[in-house]
Amino acid sequence: MFDYDEIDRTVRDNNLPLKRIDGKEKDELLSILYDTFIIGDPRALWLSFKYVPTSIDCNMEDPYWHLPDIIDKDTELYFIIDYWNTDFVIFKGRMADIHTFIGDCDGIDEFYLLSTDFRKLYGITDHDDLLYIDVNINRLKDI
């Protein structure tokens, strides 16, 4: 079962240099995420994007396997784990370390990768869809 202990175990066992984002910094980051990309307070964020996302074809495979082809391993990102639609666990780190985390953390199935300039968002849904938004490219939804 996916839980907080599994998240901690994954970071510890893989000696991942991910910075955990908590407290006021977490609240501010989530505020930026919602203000920039999300309409309202949906159960799952991808259900209410403000922008029409680009769907990245993963040949019916888990998007995990395609992330290294799409995002450079040295890119620094915010890694936002949707924890049972009740909380978010957030880390900041390099794509290579995030990819290692995703591959080893049992039960993780919905997460987001946010650029540090808050302009690009990748969403991996619990349906194995890989969605991408660039606020400079994707069009706003008609609300």
Side-chain angles (χ1 to χ4, degrees), residues 1-58 62-143:
M1 171 177 243
F2 175 68
D3 60 16
Y4 293 111
D5 290 338
E6 175 65 7
I7 291 169
D8 294 338
R9 181 213 54 85
T10 302
V11 172
R12 183 182 60 251
D13 287 0
N14 292 285
N15 196 30
L16 296 173
L18 298 173
K19 177 187 177 206
R20 186 130 183 193
I21 308 297
D22 279 317
K24 184 178 178 184
E25 187 178 5
K26 176 181 175 180
D27 293 342
E28 289 171 356
L29 182 70
L30 288 172
S31 179
I32 292 169
L33 174 70
Y34 274 78
D35 289 348
T36 305
F37 294 99
I38 309 302
I39 300 166
D41 189 19
R43 175 189 60 79
L45 299 184
W46 61 270
L47 293 172
S48 292
F49 284 141
K50 288 182 180 181
Y51 294 84
V52 177
T54 301
S55 181
I56 298 174
D57 183 12
C58 293
D62 186 330
Y64 164 80
W65 299 107
H66 297 270
L67 289 174
D69 300 328
I70 297 165
I71 305 171
D72 182 87
K73 66 182 174 63
D74 291 322
T75 301
E76 191 170 54
L77 299 160
Y78 290 102
F79 174 40
I80 304 167
I81 302 167
D82 188 336
Y83 188 81
W84 299 106
N85 299 316
T86 61
D87 188 17
F88 295 99
V89 177
I90 304 175
F91 293 98
K92 184 178 183 181
R94 289 178 41 246
M95 183 63 224
D97 297 321
I98 294 168
H99 193 254
T100 298
F101 180 102
I102 297 164
D104 188 46
C105 189
D106 289 334
I108 186 172
D109 67 350
E110 188 170 316
F111 58 91
Y112 301 88
L113 301 168
L114 176 63
S115 64
T116 56
D117 67 358
F118 311 114
R119 310 308 289 161
K120 298 175 184 174
L121 180 71
Y122 295 87
I124 291 73
T125 74
D126 55 347
H127 299 280
D128 282 340
D129 294 316
L130 176 53
L131 305 174
Y132 172 70
I133 296 171
D134 180 328
V135 298
N136 297 316
I137 297 172
N138 294 74
R139 73 175 175 80
L140 284 168
K141 289 182 177 178
D142 298 325
I143 302 173

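Residue indices begin at 1 and follow the sequence shown.
- The CD1 atom of Ile80 sits 5.0 Å away from the CG atom of Leu33 when rounded to the nearest 0.5 Å.
- Judged purely by atom type and a 3.5 angstrom limit, Asp97 has no side-chain atom pairing as donor or acceptor with the backbone of Gly93.
- Sorted by first then second residue, the salt bridge (charged side-chain N to carboxylate O under 4.0 Å, His left out) pairs that include residues 62-75, not counting sequence neighbours, are Asp74-Arg94.
- At a threshold of 4.0 Å, the pair Asp106-Arg9 does not count as salt-bridged, since none of the basic side-chain nitrogens sits closer than that to a carboxylate oxygen.
- In this structure Tyr112 satisfies the side chain to side chain donor-acceptor pair (under 3.5 Å) test together with Glu110, sequence neighbours excluded.
- Counting only distance, with no hydrogens or angles, the side chain of Ser31 and the backbone of Asp27 share no donor-acceptor pair below 3.5 Å.
- Checked options Phe101, Tyr64, Phe79, Tyr78; the residue passing with Phe111 is Phe79 (criterion: ring-ring contact (aromatic ring centres under 6.0 Å, His included)).
- The pair Lys19-Glu25 meets the salt-bridge criterion, since a charged nitrogen lies less than 4.0 angstrom from a carboxylate oxygen.
- Atom OH of Tyr34 is separated from atom OG1 of Thr36 by 12.5 Å, given to the nearest 0.5 angstrom.
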Side-chain donor/acceptor pairs under 3.5 Å, residues 120-128, sequence neighbours excluded:
residue: Thr125; atom: OG1; partner: His127; partner atom: N; Å: 3.1
residue: Thr125; atom: OG1; partner: Asp129; partner atom: N; Å: 3.1

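- Side-chain N or O atoms of Thr75 include none that pairs as donor or acceptor with a backbone N or O of Ile71 at under 3.5 Å.
- For an aromatic pair to be called close, the ring centres must be under 6.0 Å apart, and Tyr83 with Tyr4 satisfies this.
- The CG atom of Asp35 lies 11.0 Å from the CZ atom of Phe37; values are rounded to the nearest 0.5 Å.
- Judged by distance alone, with hydrogens and angles left aside, the side-chain atoms of Lys50 form no donor-acceptor pair with the main-chain N or O of Lys141 at under 3.5 Å.
- The main-chain N or O of Ala96 is found under 3.5 Å from a side-chain atom of Thr100 such that the two form a donor-acceptor pair.
- To the nearest 0.5 angstrom, Ile108 atom CD1 is 7.0 Å from Ile7 atom CD1.
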Evaluate the criterion side chain to side chain contact (heavy atoms under 4.5 Å, CB included) for residue pair Val11 and Arg20; output intermediate values, then yes/no. CA-CA 10 Å; Val11 172; Arg20 186 130 183 193; over 6 Å; no

